[in-house]
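Only heavy atoms go into these numbers, but all of them, side chains included; no hydrogens, no water, no symmetry mates. Chain letters run A, B, ... following the sequence lines, proteins first, then strands; residues in each count from 1.
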Number of protein chains: 2
Amino acid sequence: MDNTDLKRLGLKATVPRLRVLDVLEANREGHMSAEDVYRALLDAGEEVGLATVYRVLTQFETAGLVIRHNFEGRSLFELDSGEHHDHIVCVQCGEIMEFSDATIERRQERIAEEHGFKISDHALVIYGECVKPRCPRRPS
Amino acid sequence: MDNTDLKRLGLKATVPRLRVLDVLEANREGHMSAEDVYRALLDAGEEVGLATVYRVLTQFETAGLVIRHNFEGRSLFELDSGEHHDHIVCVQCGEIMEFSDATIERRQERIAEEHGFKISDHALVIYGECVKPRCPRRPS
DNA sequence: TTCCGTAATGCGAATCGTTCGCATTAAAGA
DNA sequence: TCTTTAATGCGAACGATTCGCATTACGGAA
Ligand SMILES: [Mn+2]
Ligand SMILES: [Mn+2]
Ligand SMILES: [Zn+2]
Ligand SMILES: [Zn+2]
């Protein structure tokens with residue numbers, strides 16, 4: 001993702017946009033809040049406003065570059081890999097794992113159909129306690 | 001749910017608590033925000049504070065009387081019928097329907113297990129467009 | 001029944017994540 | 001390089017929820 005990729009999406013290749021992309025690409029595994037991205041930029045010595053980060057993330061979402069998730073009322077962002085997946089979250093250490101299950105996806109389609117709905121999206125989050133050695137920890 | 005039921009749960013039978021219960025029972029089908037409950041009480045001529053409604057709903061949740069859902073960052077409450085279910089929401093008119101699917105529930109257990117998690121909860125919301133004649137409408 | 005101690009209430013201020021408004025700056029194409 | 005216009009940074013505003021605190025009212029003891 002670079003200068004010309006942004007233009008291809010109809011977005012001016014501005015410094016803040018390029019830097020936000022850098023941060024997201026450097027955290028391909030993770031799920032970052034706007035605040036997370038903002039702080040990463042400050043730490044990198046960038047001069048950017050939090051409002052701009054919010055705006056840029058929303059634009060990226062609209063452009064299909066980024067996916068916004070709503071975890072407990074807070075927005076978390078991740079690059080859109082193109083492959084849909086859902087999440088399982090440790091309520092103790094906050095770790096987020098990804099999974100995708102064809103059976104569940106299929107059933108959802110059917111359920112929507114049975115209720116006279118045309119699915120546009122869905123959100124499935126499983127909460128639990130992971131058994132990692134470094135867990136339990138307090139959530140972020 | 002009356003005076004003595006509350007005491008049985010270790011909650012003083014105060015006027016606000018009894019009235020909030022009334023409102024929830026009068027809307028067994030629905031999913032209400034704290035604001036919804038608050039306004040219903042005002043309309044009924046009750047003198048209650050919004051903060052109290054929030055506190056009472058949280059207490060009811062803790063007591064297992066009520067379930068709190070997080071739809072798009074907003075809390076919606078409903079009496080706990082005891083039977084777990086998930087939701088399908090019309091993105092146009094805001095209607096919320098309930099469903100429960102044993103296959104999905106089963107798969108979730110297995111997925112959690114495979115990832116080394118002990119499930120404590122989960123949230124599944126399907127978004128779509130309903131085909132009701134009175135739809136589309138703007139969301140609430 | 002009346003009385004008291006304590007928990008619950010109502011009010012407004014505070015919080016948190018997010019968005020807005022606006023004067024200033026910087027893309028990008030001529 | 002110049003010009004147009006979108007994008008930025010800042011702080012104020014926002015909506016949902018929580019807090020702090022002085023006041024009220026449960027409900028057990030007299
Ligand atoms: Mn993810
Ligand atoms: Mn429900
Ligand atoms: Zn964990
Ligand atoms: Zn609808």
Side-chain angles (χ1 to χ4, degrees), chain A residues 2-23 31-42 44-63 65-77 94 139-140, chain B residues 2-23 31-42 44-63 65-77 94 139-140:
Chain A
D2 68 333
N3 210 296
T4 46
D5 290 312
L6 283 181
K7 291 183 187 169
R8 213 185 319 276
L9 294 168
L11 294 173
K12 264 195 202 172
T14 67
V15 171
R17 285 181 189 155
L18 290 167
R19 294 297 168 272
V20 168
L21 261 185
D22 290 345
V23 168
H31 301 77
M32 310 184 79
S33 68
E35 188 81 34
D36 290 337
V37 173
Y38 175 61
R39 271 202 289 269
L41 290 175
L42 291 192
E46 294 295 326
E47 247 180 64
V48 67
L50 177 56
T52 297
V53 172
Y54 272 104
R55 281 184 293 234
V56 168
L57 287 171
T58 299
Q59 291 154 357
F60 284 179
E61 182 191 16
T62 302
L65 277 183
V66 152
I67 297 184
R68 178 200 307 256
H69 299 293
N70 221 99
F71 282 26
E72 315 282 78
R74 311 195 43 206
S75 288
L76 293 188
F77 302 84
S140 71
Chain B
D2 68 333
N3 210 296
T4 47
D5 290 312
L6 283 182
K7 292 183 186 169
R8 213 186 318 277
L9 294 168
L11 295 173
K12 263 194 201 172
T14 66
V15 172
R17 292 210 258 237
L18 290 168
R19 294 296 167 274
V20 169
L21 261 185
D22 289 345
V23 168
H31 300 79
M32 309 184 80
S33 67
E35 188 80 34
D36 290 337
V37 173
Y38 174 61
R39 271 202 287 270
L41 290 175
L42 291 192
E46 294 296 327
E47 248 178 62
V48 67
L50 177 56
T52 297
V53 172
Y54 272 104
R55 281 184 294 235
V56 167
L57 287 171
T58 299
Q59 291 153 359
F60 284 180
E61 181 190 17
T62 302
L65 277 183
V66 151
I67 296 185
R68 178 200 308 258
H69 299 291
N70 220 99
F71 282 25
E72 315 282 79
R74 309 194 45 209
S75 288
L76 293 188
F77 303 84
S140 73

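- Running 5' to 3' along DNA chain C, contacts with non-hydrogen atoms of chain B at under 4.0 Å begin and end at C:dA7 to C:dG12.
- Every residue was checked against the salt bridge (charged side-chain N to carboxylate O under 4.0 Å, His left out) condition with B:Glu72, not counting sequence neighbours, and none meets it.
- In this structure, CG of B:Asn70 is placed 14 Å from C1' of D:dG15, rounded to the nearest angstrom.
- Nearest-nucleotide positions on DNA chain D place A:Val56 closer to the 5' end than the other of A:Val56 and B:Glu35.
- The aromatic rings of B:His69 and B:His31 sit tilted relative to each other, their planes meeting at an angle between 30° and 60°.
- Scored by the side chain to side chain donor-acceptor pair (under 3.5 Å) test, B:Ser33 finds B:Asp36 as partners (sequence neighbours excluded).
- In this structure, A:Phe60 places its CZ atom 12 Å from P of D:dA7, rounding to the nearest Å.
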List, with names and distances, any nitrogen or oxygen atoms from the protein found under 3.5 Å away from nitrogen or oxygen atoms belonging to nucleotides 24-30 of chain D.
| unit_1 | atom_1 | unit_2 | atom_2 | d |
| --- | --- | --- | --- | --- |
| D:dG27 | OP1 | B:Ala13 | N | 2.9 |

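- Residues A:Leu18 and A:Asn3 approach most closely at CD2-N, 3.7 Å, considering heavy atoms.
- From one end of the helix from C:dT1-D:dA30 to C:dA30-D:dT1 to the other, with five pairs defining each end axis, the axis direction shifts by 20° (rounded to 10°).
- Sequence neighbours left out, the pairs with a member in residues 8-18 of chain A that pass salt bridge (Lys or Arg N to Asp or Glu O under 4.0 Å) are A:Asp5-A:Arg8.
- For B:Tyr54, the side chain to side chain contact (heavy atoms under 4.5 Å, CB included) partners at least two apart in sequence or on another chain are B:Ala34, B:Leu50.
- Pairs of residues two or more places apart, or lying in two chains, that qualify as salt bridge (Lys or Arg N to Asp or Glu O under 4.0 Å) and include a residue from residues 45-58 of chain B are B:Arg19-B:Glu46.
- An OP1 or OP2 oxygen of D:dT18 is reached within less than 4.0 angstrom by no side-chain nitrogen or oxygen of B:Tyr54.
- Put simply, CG on A:Leu57 is 15 Å from P on D:dA7, counting in whole angstrom units.
- Using a 4.0 Å cut-off on heavy atoms, the residues of residues 45-53 of chain B that approach DNA chain D are B:Leu50, B:Ala51, listed by number.
- Here the CG atom belonging to A:Leu9 is positioned 8.5 Å from the CZ atom belonging to A:Phe60, to the nearest 0.5 angstrom.
- Using a 4.0 Å heavy-atom cutoff across all strands shown, A:Arg17 reaches sugar-phosphate atoms only and no base atom.
- Contact record, A:Leu6 with A:Ala13: CD1-CA, 4.2 Å, taken as the closest heavy-atom pair.
- Remark: B:Tyr38 engages no residue in a ring pair (Phe, Tyr, Trp, His ring centres under 6.0 Å) (not counting sequence neighbours).
- For A:Arg68, the side chain to side chain contact (heavy atoms under 4.5 Å, CB included) criterion is met by A:Thr58, A:Glu61, A:Ser75, A:Phe77, not counting sequence neighbours.
- At whole-Å resolution of the value, CG in B:Asp36 and P in D:dT17 are 10 Å apart.
- Counting non-hydrogen atoms under 4.0 angstrom, A:Ser75 reaches the backbone sugars and phosphates but no base.
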